[in-house]
Amino acid sequence: MACIAGLVSGAYDTSVKIPPDQIATVERYDDLKVERIVLDNSHMLVFHPDGPLEDKRAHQALALVIDGAMLGKALWADLNDTPNG
């Protein structure tokens, strides 16, 4: 990954959005430090109320089948904070 190469070479002093599967690589270097910061952003699921999604129950059913814990583990190696609601 280019951002890690830049950190290791000294071309960059800082980098953001290091993928979770690359954090261990960065941590192997004694002169690099990983800091985790919670950002105020969120991912939302938006339904267009057309066709089959006109029925509110369809929205509710889709929202219920999304496994947020599994997504957090698969995408962010459980390093994310997921708010309730």
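Keep in mind the model is a prediction, meaning the values are calculated, not measured.
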Checklist entry - Once you round to the nearest 0.5 Å, how far does CD of E54 lie from NE2 of H59? => result 8.5 Å

Checklist entry - Atom CD1 in I23, atom CG in L32: separation rounded to 0.5 Å? => result 13.0 Å

Item to check | Test salt bridge (Lys or Arg N to Asp or Glu O under 4.0 Å) applied to K33 - qualifying residues, sequence neighbours left out | outcome: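 So K33 forms a salt bridge (Lys or Arg N to Asp or Glu O under 4.0 Å) with E35.
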
Checklist entry - Partners of R57 by salt bridge (Lys or Arg N to Asp or Glu O under 4.0 Å), sequence neighbours excluded? => result D55

Please enumerate all residues that pass side-chain contact (heavy atoms from CB on, under 4.5 Å) together with [X], with sequence neighbours excluded.
| X | answer |
| --- | --- |
| D13 | none |
| I66 | L45, L71 |
| A77 | P20, L79 |
| L62 | F47, L53 |

Checklist entry - Are L7 and V16 grouped together when hydrophobic residues (ILVMFWY) are joined by side-chain heavy atoms under 4.5 angstrom apart? => result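 No, no single cluster joins them.
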
Checklist entry - Does any pair with a residue in residues 66-75 pass salt bridge (charged side-chain N to carboxylate O under 4.0 Å, His left out), and if so which ones, sequence neighbours excluded? => result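 Passing the test, one end in residues 66-75: no pairs.
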
